[in-house]
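One structure below.
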Amino acid sequence: MSNFTADTYQNEFLPTGGTEVNAVVTVTSSGGGSTRPGAEIVILDTSLSMGVPSAKLSAAILATATAIDCIRDGVMFAVISGSTDARIVYPRDGGMAVGSDATRSAARLAVSRLGVDGGTAMGTWLRRAGELFASAPPGARHAILLTDGRNQHETSEQLDEALASVEGCFQCDCRGVGTDWEVGELRRIAQTLLGTVDIVADPRGLADDFRRLTERAMGRATGNVSLRLWTPRGATVTLVRQVAPTIEELTHRGRPVDELSVDYPTGSWGDESRDYHLAIRVSARGLGDEMLAGRVTLIEDGELRGQALVKAIWTEDEQRSTQINREVAHYTGQAELAEAIQDGLEARKAGDCETATIKLGRAVALATASGNASTMKLLAGVVEIDDPVTGTVRLRAGVAEADEMALDTRSTKTVRLGSG
């Protein structure tokens, strides 16, 4: 098991009548390397569009072979070929193989023979992955889903039903190759399955990306870990949001444990650190009163693995009560940055240039203020920046679709306070 520590950053002082408590909790996991075998599945789109041009399928096959090479001995794994249906490419007996030199070699050979056929039905692919993962022992369960197109052979409702059936069963990182896929569609899958979404515009970049994803998965030392938030009677949780390394909304995903405690899913962990922004509404108390507004505990396999406290103290000292904690202010800005980018791109697609300019200009100002250099670089591919501090920008003409999609998919990546 990993060791978890949790630290709270907040201004615990509230003014007379104040009820809103905000805090950032930093959770750090350590323990070094994976202690469980785990399970890994590569879901490879083999619909007809993946064959045009043929270099796309060749690059996807190479990337899958690269991921197979990264699977450690003892880790269960499988490869799914996804088209209108979902076919298990390896192992051929329909179950999952156990990582070894022999099975990795056999899997690479099976993948090298793949061709293209049929359409795209991602929900079907995910259901098949869920069936395979159900046979795996407890531990980190991770999938990579690669596609080059939209989910044209299923309805949105069918995809939602499939996602509901596998939610909590495994984590899934989604990658779109080229520019003919839908960002919102893959983001919906990744968010539901606690994974990431990104574009690989050039198929030649797939192998390196798959290597990074698989190596990270192999380093996960836990199964599913929950963030348990206890609040006192009468309190209301208004926000639970992961804010680093990426923004993930968790508020609506809470599952009550008892009358006062709710568990929020965080997936599996390796040696890493994540930040969570919590907002809790409490009943106002008298001046000088102090209360425990929340208690955060990490839960792994039913055991308590780390704890942090969120406090509230009422004061008439205006200087104390009006000071916004630096971490809370920073991540509030990062969340606004992601929203401004997505709203701006949506307006741009709709032909609303005025709104797009305002929103993307606001994004530039926020990225500048927080030192988010990587996001600034992506924004510069979509807008001409006249003044980064005020966010004075002009929309670029003839923006490459890949640049716009890269900004969209990476809009939820954040930087920590002072990290630049």
Side-chain angles (χ1 to χ4, degrees), residues 4-29 227-232 234-251 254 262 264 266 272-298 306-340 362-363 365-373 375 389 391 411-420:
F4 284 93
T5 60
D7 299 291
T8 304
Y9 301 91
Q10 68 165 132
N11 175 17
E12 63 266 36
F13 293 101
L14 298 180
T16 303
T19 60
E20 188 77 13
V21 182
N22 281 271
V24 169
V25 175
T26 296
V27 178
T28 302
S29 170
L227 185 151
R228 180 169 295 175
L229 178 57
W230 172 93
T231 52
T236 303
V237 177
T238 58
L239 178 70
V240 178
R241 174 190 290 153
Q242 178 184 296
V243 288
T246 59
I247 295 173
E248 303 293 345
E249 299 292 345
L250 300 176
T251 314
V262 178
Y264 299 88
T266 69
E272 60 184 299
S273 182
R274 306 180 196 175
D275 293 345
Y276 297 89
H277 182 182
L278 313 177
I280 304 167
R281 186 179 299 118
V282 298
S283 299
R285 294 193 178 182
L287 292 177
D289 284 352
E290 180 175 346
M291 73 175 293
L292 182 61
R295 181 173 59 243
V296 174
T297 308
L298 280 297
Q307 184 172 277
L309 304 179
V310 180
K311 300 177 181 179
I313 304 171
W314 282 264
T315 179
E316 59 183 0
D317 186 334
E318 187 174 341
Q319 185 174 359
R320 279 184 163 184
S321 65
T322 57
Q323 184 176 3
I324 300 175
N325 175 266
R326 292 174 68 243
E327 281 80 8
V328 171
H330 173 76
Y331 284 124
T332 299
Q334 293 284 282
E336 185 186 351
L337 169 59
E339 184 177 0
R362 177 59 178 162
L366 289 165
T368 301
S370 63
N372 196 329
T375 297
V389 176
S411 61
T412 58
K413 293 184 178 180
T414 61
V415 293
R416 282 206 157 106
L417 184 65
S419 68

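The residues of the chain are indexed from 1 along the displayed sequence. As the structure is a computational prediction, the values presented were derived from the model and not from experiment.
- Side-chain contact between N22 and H277 is present, with at least one heavy-atom pair separated by less than 4.5 Å.
- Between T8 and A23 the shortest heavy-atom distance is CG2-CB, 4.0 Å.
- Considering every non-hydrogen atom in both N11 and Q323, the closest pair reads ND2-O, 2.5 Å.
- Side-chain contact between T5 and V27: absent, with no pair of heavy atoms (C-beta onward) separated by less than 4.5 Å.
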Test side-chain contact (heavy atoms from CB on, under 4.5 Å) on T368 and L366; report intermediate values, then the result. CA-CA 5 Å; T368 301; L366 289 165; over 6 Å; no
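- When all heavy atoms of G294 and L229 are compared, the closest pair comes out as CA-CD1, 4.4 Å.
- Residues M291 and W314 have side chains in contact (heavy-atom distance under 4.5 Å, counting atoms from C-beta outward).
- Between the side chains of D275 and T26, at least one donor N or O lies within less than 3.5 Å of an accepting N or O.
- Here the side chains of Q334 and S370 are in contact, with some heavy-atom distance below 4.5 Å.
- Proximity of a side-chain donor or acceptor of Q10 to a complementary backbone N or O of N325 within less than 3.5 Å is not detected.
- Of the charged side-chain nitrogens involved, at least one lies within less than 4.0 Å of a carboxylate oxygen, so that E336 and R362 count as a salt-bridged pair.
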Let me see the working for V328 and H330 under side-chain contact (heavy atoms from CB on, under 4.5 Å), right down to the final yes or no. CA-CA 5 Å; V328 171; H330 173 76; over 6 Å; no
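- Under 3.5 Å, the side chains of Q242 and T246 contain a donor-acceptor pair of N or O atoms.
- A pairwise comparison of heavy atoms in A308 and D7 identifies CB-N, 4.4 Å as the closest pair.
- Just one of D289, V21, I313 meets the side-chain contact (heavy atoms from CB on, under 4.5 Å) condition when paired with L14; it is V21.
- Annotation for I280 and A235: closest pair CG2-CB, 4.1 Å, computed over non-hydrogen atoms.
- Other residues, nucleotides and ligands contribute over 12 non-hydrogen atoms within 6.0 Å of the CG atom of L292.
- Minimum interatomic distance between Y264 and L250 (heavy atoms only, all atoms of both residues): CD2-O, 3.3 Å.
- Note on R274 versus E272: salt bridge recorded, some NZ/NE/NH1/NH2 to OD/OE distance being below 4.0 Å.
- Annotation: side chain of V25 is in contact with side chain of L278 (closest heavy-atom distance under 4.5 Å).
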Determine whether Y276 and V296 satisfy the following criterion, side-chain contact (heavy atoms from CB on, under 4.5 Å), listing intermediate values before the conclusion. CA-CA 10 Å; Y276 297 89; V296 174; over 6 Å; no
Given T28 and F4, is the side-chain contact (heavy atoms from CB on, under 4.5 Å) satisfied, shown in steps? CA-CA 6 Å; T28 302; F4 284 93; over 6 Å; no
Please evaluate residues E248 and T412 with respect to the criterion side-chain hydrogen bond (donor to acceptor under 3.5 Å, both in side chains), reporting the C-alpha separation (whole Å), side-chain torsions for both, the decisive distance (0.1 Å), and the verdict. CA-CA 8 Å; E248 303 293 345; T412 58; 5.1 Å; no
Please step through side-chain hydrogen bond (donor to acceptor under 3.5 Å, both in side chains) for the pair S273 and R416, ending with a clear verdict. CA-CA 11 Å; S273 182; R416 282 206 157 106; 3.0 Å; yes
